[in-house]
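Only one structure is covered here, and it is reproduced in the block below.
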Amino acid sequence: MPSLQAGFKVGKNGLSTTDLLVDLGPTVLVDIGLKSRSASGQRPDLAEKGIKALIDTGAGADCIDDDLAVRLGLPITDEGEISGVGGRHRAFIYTARVYVPGLNRLLFQRFTGVRLEGGGQWHRVILGRTFLRQYRLTYDGPSGGVELTAD
């Protein structure tokens, strides 16, 4: 059963693993793009690699940074209204491939465009409850550890 560490094993910049988990949240690295340059059955070779993705139990949908989506040339496939801490607003919906190497999972789906980089956020992708529905999430605040496990 695949599992992936999404917490912090080592503190940095004077912060403990617990502080990092509180400040940054559970984080995994993903690859992202529209088209894979690899053969079927092989690990996808997507345009951007090692992108920080936040595992967000408060997000009802998966999201991507608008600036990143534009830079990658991801197609806008829809537009809709979303709401969050900033209230309601219109957002573009992009289609993208996101590969989570630690889980060997490839997503090919819609991602809501949000202003992560423009808002000073560390992450460029948010993986919400739709992503988490296939995993068990273990959050260990005192150690700064988070584990995603597939059943």
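All heavy atoms count here, side chains included; hydrogens, waters and symmetry mates do not.
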Common cluster, Ile82/Val70, ILVMFWY with side-chain heavy-atom separation under 4.5 Å = no
Report yes if some heavy atom in the side chain of Tyr139 is under 4.5 Å from a heavy atom in the side chain of Pro26; otherwise report no.
-> yes
From OG1 (Thr77) to CD (Gln109), nearest 0.5 Å | 11.0 Å
For Phe111 and Ala96, work out which heavy atoms get closest and say how close.
-> CE1-O, 3.8 Å
List the steps and the verdict of side-chain contact (heavy atoms from CB on, under 4.5 Å) for Asp65 and Val125.
-> CA-CA 6 Å; Asp65 179 70; Val125 173; over 6 Å; no
Do Arg129 and Asp56 sit within salt-bridge range, that is, some charged N less than 4.0 Å from a carboxylate O?
-> no
Nearest heavy-atom contact between Leu21 and Val146 is CD1-CG2, 3.7 Å
Can you name the closest pair of heavy atoms from Phe8 and Gly25 and give their distance?
-> CE1-O, 3.6 Å
Ile55 vs Thr27, side-chain contact (heavy atoms from CB on, under 4.5 Å): CA-CA, chis, key distance, verdict | CA-CA 6 Å; Ile55 303 298; Thr27 302; over 6 Å; no
Roughly how far apart are Arg97 CZ and Leu107 CG, rounded to 0.5 Å?
-> 11.0 Å
For the side chain of Asp31 and the backbone of Gly50, is there at least one donor-acceptor N/O pair under 3.5 Å apart?
-> yes
Would you indicate whether Arg90, at its atom CZ, is surrounded by more than 12 heavy atoms from other residues, nucleotides or ligands within a distance under 6.0 Å?
-> yes
Starting from the C-alpha separation in whole Å, work towards a yes-or-no answer on salt bridge (charged side-chain N to carboxylate O under 4.0 Å, His left out) for Asp78 and Arg110.
-> CA-CA 9 Å; Asp78 202 355; Arg110 297 160 41 111; 3.4 Å; yes
Can you list the steps and then say if Arg105 with Tyr99 is a side-chain contact (heavy atoms from CB on, under 4.5 Å)?
-> CA-CA 6 Å; Arg105 180 158 178 214; Tyr99 180 64; 5.8 Å; no
Residues Glu147, Ser3; criterion side chain to side chain donor-acceptor pair (under 3.5 Å); working and verdict = CA-CA 7 Å; Glu147 183 177 26; Ser3 70; 3.3 Å; yes
Cluster question for you: counting only ILVMFWY and a side-chain heavy-atom cut-off of under 4.5 Å, with indirect links fine, are Ile126 and Val22 together?
-> no
Any donor and acceptor pair, going by atom type alone, linking the side chain of Thr17 with main-chain N or O of Lys9 inside 3.5 Å?
-> no
Who passes side chain to side chain donor-acceptor pair (under 3.5 Å) against Thr130, sequence neighbours left out?
-> Asp62
Give the cluster check for Val28 versus Ile32: same hydrophobic cluster or not, with ILVMFWY residues linked at side-chain heavy-atom distances below 4.5 Å.
-> yes
Which distance, rounded to the nearest 0.5 Å, do you find between the CG of Asn13 and the CG of Asp19?
-> 11.5 Å
Around Arg115, counting heavy atoms of other residues, nucleotides and ligands shown, do more than 12 lie under 6.0 Å from its CZ?
-> no
Would you say Ile51 and Val100 are hydrophobically clustered, going by side-chain heavy atoms of ILVMFWY under 4.5 Å?
-> yes
d(Ile93 CD1, Ile76 CD1) to nearest 0.5 Å is 10.0 Å
Greater than 12 external heavy atoms within 6.0 Å of Lys35's NZ | no
Applying side-chain contact (heavy atoms from CB on, under 4.5 Å), run through Leu116 and Trp122 and close with a yes or a no.
-> CA-CA 8 Å; Leu116 297 171; Trp122 191 60; over 6 Å; no
Should we say atom CZ of Phe92 is surrounded by more than 12 heavy atoms from elsewhere, each under 6.0 Å from it?
-> no
Heavy atoms, side chains only, cut-off 4.5 Å: are Leu148 and Arg136 in contact?
-> no
Hey, could you give me the OG1/CG distance between Thr57 and Leu132, rounded to the nearest 0.5 Å?
-> 7.5 Å
Heavy-atom closest contact (Ser38 atom, Ser36 atom, distance) = OG-OG, 2.8 Å
If every non-hydrogen atom of Arg88 is compared with every non-hydrogen atom of Ser83, which pair is closest and at what distance?
-> CG-CB, 3.7 Å
Whether Arg124 side chain and Gln121 backbone form a donor-acceptor pair below 3.5 Å | yes
Step through the shown structure and confirm whether more than 12 heavy atoms of other residues, nucleotides or ligands are within 6.0 Å of CZ on Arg71.
-> yes
same_hphob_cluster(Leu68, Leu29) at 4.5 Å side-chain heavy-atom cutoff = no
Can you see which heavy atom on Thr95 is nearest to which on Phe108, and at what distance?
-> CG2-CE1, 3.7 Å
Is it true that a side-chain atom of Thr18 and a backbone atom of Pro142 form a donor plus acceptor pair closer than 3.5 Å?
-> yes
